[in-house]
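If you read the sequence from its start, that first residue is 1, and numbering goes on from there. Just so you know, ligand 1 is whichever comes first in the structure, and atom 1 is the first atom listed for that ligand.
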Amino acid sequence: MAGIIERYRNRLPVTGDTPVISLEEGSTPLIPAPALSALLGEDRQVFLKFEGLNPTGSFKDRGMTLAVSKAMEEGCRGVICASTGNTSASAAAYAARAGVPCWVVLPAGKVAAGKLAQAIVHGAIVIPIDDNFDIALQRVIEIADAEGITLVNSINPYRIEGQKTVAFEIIDELGGAPATHFLPVGNAGNITATWRGYSEERETGRIQVPPRMIGCQAAGSAPIVTGAVVENPETIATAIRIGNPASWQGALGAIEESHGAILAVEDEQILAAYQHLSTNEGVFCEPASAACVAGLLKQHEAGIEIAPAGATIVCTLTGHGLKDPERAVDGTVLPEPIGSDLDALRRAMGLS
Ligand SMILES: *Cc1c(COP(=O)(O)O)cnc(C)c1O
């Protein structure tokens, strides 16, 4: 399947002269979630848009293909980003593909192992700093500007443009818009982009009513919920550990215009949703992704109607679970090895 630029060329700011730097991102599966659907009852259908199956394992690739293609068109000397991990993994891969240097500035010790491995393996210049993501972002904005290096964080407008294609794919597949769309919110680029995609489809007339957008932040990093910058954001969901979202206004616009909501979910609720997805639905996403399902479960438990009976609900699972293997095995101790005779094996299996 071609990448998002080829598939949605007439909806994106590209011309015949734009070099297409693609790893065939997008076209991710919209997986039915029967256990969640059964929980909500009355024929409601929950689908998981599994963005963890993009080339570098997160939705960031949709925006990065466009940001790096436009950077190459403009003759850039390299790309730079601040990152909680997935932006750097994606930037590193697309920069490698384009043959330009990539610098990534990361909060030291706060990036999941898989994401760091990706930045390293793709040859990015990795610079850990003794500060959080929000400070890292301020610094790379300054240096990109001063040095003429292209910034590929989501304040790069091409990132948002590329990421809006997720809404096109969902409408393509469902034949219409869902009633409600849940997604995790960190820097708020993705909720802004997804809403733009739905809004454009309303303008083209392909849908009449766009979904209610429900953004989910981690309780320890919930500036949009509380209405105030969080100086020291904390959460186990490192990809949304952001205290001053760059696309704050975009998120507010999406929530207001769609009659949606912004919720805070506790880390325990995020982990419960993460467990639910992996053990009941068979889908392994990273903790930040599970925040949106935590939001869905929280609303359901509070007796809030998530969507009318028979309606469709989409949750964006933003990144792959293998990004953060330490979280996945946290506290799990494997049993001591046993002899390989069948009796011992039967006992270990609980069969005798
Ligand atoms: C980047 C990211 C988010 C947050 O997206 P924003 O656009 O910053 O709100 C959520 N989950 C994962 C896995 C991410 O990589």
task: Using the six-membered ring of F168, assess whether NZ or CZ of R11 lies under 6.0 Å from its centre and within 45 degrees of the ring axis.
output: yes
message: Which residue is it: E161, E169, E24? I am looking for the one with a salt bridge (charged side-chain N to carboxylate O under 4.0 Å, His left out) to R62.
response: E169
- prompt: Backbone or side chain, does any N or O of K60 fall under 3.5 Å from an N or O of ligand 1?
  reply: yes
query: atom 8 (O) of ligand 1: which protein heavy atom is closest, and how many Å away?
result: N187 N, 2.8 Å
task: Return a yes/no value for Q163: is any of its N or O atoms, backbone included, closer than 3.5 angstrom to an N or O of ligand 1?
output: no
field: Under 3.5 Å donor-acceptor, S90 side chain and N86 backbone
entry: no
Main-chain N/O of G319 paired with S289 side-chain donor or acceptor, under 3.5 Å: yes
- request: Provide the number and element of each atom of ligand 1 under 4.0 Å from a heavy atom of E286.
  value: 13 (C)
- prompt: What part of K323 sits under 4.0 Å from ligand 1 if we count only heavy atoms: the side chain, the backbone, both or neither?
  reply: neither
Reported CD-to-CD distance for the pair E25 and E51, which is rounded to 0.5 angstrom: 10.5 Å
query: Is there at least one pair of N or O atoms, one from S289 and one from ligand 1, spaced under 3.5 Å apart?
result: no
query: Any N or O of T318 that comes nearer than 3.5 Å to an N or O of ligand 1?
result: yes
query: Linking I/L/V/M/F/W/Y whenever their side-chain heavy atoms sit closer than 4.5 Å, directly or via other members, would I214 and V265 fall into one cluster?
result: no
query: Relative to the heavy atoms of G319, which atoms of ligand 1 are at a distance of less than 4.0 Å?
result: 13 (C)
query: Judged by non-hydrogen atoms, does A188 sit under 4.0 Å from ligand 1?
result: yes
query: Are I141 and I149 linked, directly or through other ILVMFWY residues, by side chains that come within less than 4.5 angstrom of each other?
result: yes
- prompt: With a cut-off of 4.0 Å, which atoms of ligand 1 are near a heavy atom of V185?
  reply: 9 (O)
- request: Report yes if some N/O of G189 lies less than 3.5 Å from some N/O of ligand 1; otherwise report no.
  value: yes
field: Check ion pair E301-K298 (N to O, under 4.0 angstrom)
entry: no
message: Test of understanding: clusters of I, L, V, M, F, W, Y form through side-chain heavy atoms closer than 4.5 Å, transitively. Do I207 and I191 belong to the same one?
response: yes
- prompt: Looking at atom 7 (O) of ligand 1, what's its closest protein heavy atom, distance included?
  reply: N190 N, 2.8 Å
message: Centroid separation under 6.0 Å, is that true for the rings of Y94 and H122?
response: no
Selection from L183, I240, T56 by shortest heavy-atom distance to atom 4 (C) of ligand 1: I240
query: Under 3.5 Å between some N or O of ligand 1 and some N or O of G186?
result: yes
message: Using a 4.0 Å cutoff against the non-hydrogen atoms of A288, which atoms of ligand 1 qualify?
response: 11 (N)
- line: The protein heavy atom nearest to atom 5 (O) of ligand 1 is F59 CZ, 3.4 Å
